[in-house]
2 protein chains.
Amino acid sequence: MLNHAIKQAAPLPPAVTRLASLATLDAADLTILGNAMQRAQAVRVRRDLMVEGREIVQPQLILSGWAARVRILLDGRRQFLHFLLPGDVIGMSRHSNPIAVSTVVALTEVTACPLPDGDMPPGLTEALAVSGAVDEAYLLAQIARLGRMSARERIADLMLELHERLSANGTAEERSFDMPITQEILADAMGLTAVHVNRMLQSARRSGDLLWTNGRLTIPDPFALARQVGRTPTRVTKG
Amino acid sequence: MLNHAIKQAAPLPPAVTRLASLATLDAADLTILGNAMQRAQAVRVRRDLMVEGREIVQPQLILSGWAARVRILLDGRRQFLHFLLPGDVIGMSRHSNPIAVSTVVALTEVTACPLPDGDMPPGLTEALAVSGAVDEAYLLAQIARLGRMSARERIADLMLELHERLSANGTAEERSFDMPITQEILADAMGLTAVHVNRMLQSARRSGDLLWTNGRLTIPDPFALARQVGRTPTRVTKG
DNA sequence: CGTGCTATTGAACCAGGTCAAACATAGTGG
DNA sequence: CCACTATGTTTGACCTGGTTCAATAGCACG
């Protein structure tokens, strides 16, 4: 079938794949999205996409690369709150004169495009609303991880979450995905030190739970690992 | 002035005070709110106001008492994600067929009323939107606390947050407020054990930072304590 | 072929956890 | 009015998961 052949030749961009997984998008939605993506801009590593306390100019959609929401304490301690992957939205808000409640920094080279902040066709509106709900669910998961899981569990649980999220945007394999971050960044996301993260990763590798080489993370048996840490997939809508 | 006299005689309920602090409410907003509050219902301690994974029937507004969002791990470990105080809203969502992403449990006897989930006058709509943004800010603060603060700092920071929030709904004094929870609940909110919370509270009392007696918490010098832990007030709108 | 990250390893240390017992305090029922 | 129970707080002794500090090694890049 022609349609099929075309799809194979030109797969959807990850950001579109993700949004389409959250709500049904029709032609009008895809047009708006396509236009927005024309205005994509590159952001270099370590540059901020958004700064805590500053007015939010426009919501943005991550098209490629990894970013993160981050808080820095006065003495320099750093906590990553949430990773932002292709298809994730930043700076959405439903009220007037919003200011950013966290800084967003690029962890790799990132491309992102501004999103119209006014009215949008219903499919896209719904997708963005669902995206917001999913984000909240991941924030809650992060709290439970930091508050009540051991270092081993935190890392396993986060890897499963990333696998789930990258699967939703079509950029993960069945048991592996690219993870272009350092152990130090992972440590600052998990409330641990880089040294301890290193030791836990080695221990996880020895036990066959996780392998991380050349920027690629492999989870030999995602299902078994999920059972082991008591993880269930994140859902925000019925049906 | 008569108006003044009336206000003194019948101060606004905490929930209204809070919402009015988030957006300008006019007569139409107050009418809707007043009607909703007629349908207030009591919820007993330990009862759930909402269960993770179940469909959200209707958003609710907390009128009195304390509740919390909570996650329980498979082996029974418990993490409170966020405290819910009078004026807080639960179960708001912007998408269709939402399911609850966390359980909400009453920590004390609670009264709450259902909120219309359709269209509302603009002031109330804005207040609820701002409320959602504030909630998100507090979730982020909780992540930073659990991930990167010491036990002492976590407790001090949370107490300052509660003081800020209870001030916004008019139920806190300048340097104290009622805190009707146990040390074990506090521990499960801070990712600590009850034993350690107890020791930290005693140490905080000895150093004059916090006193907690007869269910009332006193912060002798909130301003100094905030400076000490590097805390700045939470803001989500400009102006 | 130095310079700057990132990853790895070892050894000593400590914040916070665990376990167990004692000590309130408030109902509650007899 | 007093035992009896239940829930919460406090204390002590000991233990461990994770940190700290420091040194080494790998690797990309100019």
Side-chain angles (χ1 to χ4, degrees), chain A residues 44-46 66 73 75-80 105-109 145-158 178-207 210-218 229, chain B residues 44-46 66 68 73 75-80 105-109 145-158 178-207 210-217 229:
Chain A
R44 249 170 297 173
V45 189
R46 285 159 190 275
W66 284 34
L73 306 195
D75 62 357
R77 279 174 287 179
R78 178 172 71 167
Q79 176 66 43
F80 288 115
V105 61
L107 299 176
T108 67
E109 165 115 1
R145 258 197 302 264
L146 294 176
R148 281 292 177 241
M149 289 187 180
S150 70
R152 263 309 267 296
E153 293 171 315
R154 284 182 214 184
I155 293 174
D157 189 73
L158 177 65
D178 284 325
M179 202 165 67
I181 60 171
T182 65
Q183 295 185 359
E184 189 179 0
I185 288 173
L186 183 54
D188 282 348
M190 306 307 273
L192 300 167
T193 58
V195 170
H196 199 58
V197 163
N198 183 285
R199 295 198 233 262
M200 291 301 102
L201 284 171
Q202 289 178 55
S203 139
R205 168 154 29 84
R206 267 181 256 117
S207 65
L210 300 169
L211 335 208
W212 188 6
T213 30
N214 305 322
R216 185 158 193 93
L217 187 108
T218 303
V229 302
Chain B
R44 247 169 300 172
V45 190
R46 283 158 190 274
W66 284 34
L73 306 195
D75 63 356
R77 279 173 287 180
R78 178 173 70 167
Q79 176 66 44
F80 289 115
V105 61
L107 299 177
T108 66
E109 164 116 1
R145 257 197 303 261
L146 294 177
R148 283 291 177 241
M149 288 187 180
S150 70
R152 265 305 270 296
E153 292 171 316
R154 285 183 213 183
I155 293 175
D157 189 73
L158 178 65
D178 282 325
M179 201 163 67
I181 60 172
T182 65
Q183 296 185 358
E184 190 179 1
I185 288 173
L186 183 54
D188 282 347
M190 305 307 271
L192 300 167
T193 58
V195 171
H196 200 58
V197 162
N198 183 284
R199 295 200 232 264
M200 291 300 103
L201 285 170
Q202 287 179 56
S203 140
R205 168 154 28 85
R206 266 181 257 115
S207 65
L210 301 168
L211 329 215
W212 187 7
T213 29
N214 305 322
R216 181 157 259 273
L217 187 107
V229 302

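Order of the sequence lines fixes the chain letters, A, B, ..., with proteins taken first and strands second; residue numbering starts at 1 for each chain. Since this is a predicted model, take the numbers as computed values, not measurements.
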Would you mind reading off the distance between [X] atom [atom1] and [N] atom [atom2], rounded to a whole angstrom?
X        : N      : atom1 : atom2 : result
B/Leu201 : D/dT11 : CG    : P     : 12 Å
B/Asp188 : C/dG17 : CG    : P     : 11 Å
B/Glu153 : C/dA15 : CD    : C1'   : 12 Å
B/Ile181 : D/dT7  : CD1   : P     : 18 Å
A/Asn214 : D/dA28 : CG    : P     : 9 Å
A/Ile155 : D/dG17 : CD1   : P     : 15 Å
B/Gln183 : D/dT10 : CD    : C1'   : 8 Å
B/Glu184 : C/dG17 : CD    : P     : 13 Å

According to salt bridge (Lys or Arg N to Asp or Glu O under 4.0 Å), who are the partners of B/Arg152, at least two apart in sequence or on a separate chain? B/Asp209
Any donor-acceptor N/O pair, A/Asp178 side chain to A/Pro180 backbone, under 3.5 Å: no
Look at B/Asn198 and D/dT9 and indicate whether a side-chain polar atom (N or O) is within less than 4.0 Å of OP1 or OP2. no
So, is B/Gln202 near the phosphate of D/dT9, with a side-chain N or O under 4.0 Å from OP1 or OP2?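 No, outside the criterion.
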Take nucleotides 18-25 of chain D nucleotide by nucleotide from the 5' end and write B, S or -, depending on whether a protein heavy atom sits under 4.0 Å from the base, only from the sugar-phosphate, or from neither. BBBB----
[X] versus [Y], closest heavy-atom pair with distance:
X        : Y        : result
A/Ile185 : A/Phe80  : O-CD1, 3.5 Å
B/Arg148 : A/Leu73  : O-CD1, 3.9 Å
B/Ala187 : B/Ala194 : CB-N, 3.5 Å

Axis-to-axis angle across the helix from C/dC1-D/dG30 to C/dG30-D/dC1, five pairs an end, to 10 degrees?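 Overall, the helix from C/dC1-D/dG30 to C/dG30-D/dC1 bends by 40° from one end axis to the other.
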Among C/dT6, D/dG8, C/dT8, the one nearest B/Thr182 by side-chain distance: D/dG8
I'd like to know whether CD of A/Glu184 has more than 12 heavy-atom contacts from other residues, nucleotides or ligands below 6.0 angstrom.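 No.
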Could you measure the distance from the [atom1] atom of [X] to the [atom2] atom of [Y]? Nearest 0.5 Å is fine.
X        : Y        : atom1 : atom2 : answer
B/Arg44  : B/Glu109 : CZ    : CD    : 7.5 Å
A/Leu107 : A/Leu186 : CG    : CG    : 11.0 Å
A/Thr108 : A/Met179 : OG1   : CE    : 13.0 Å

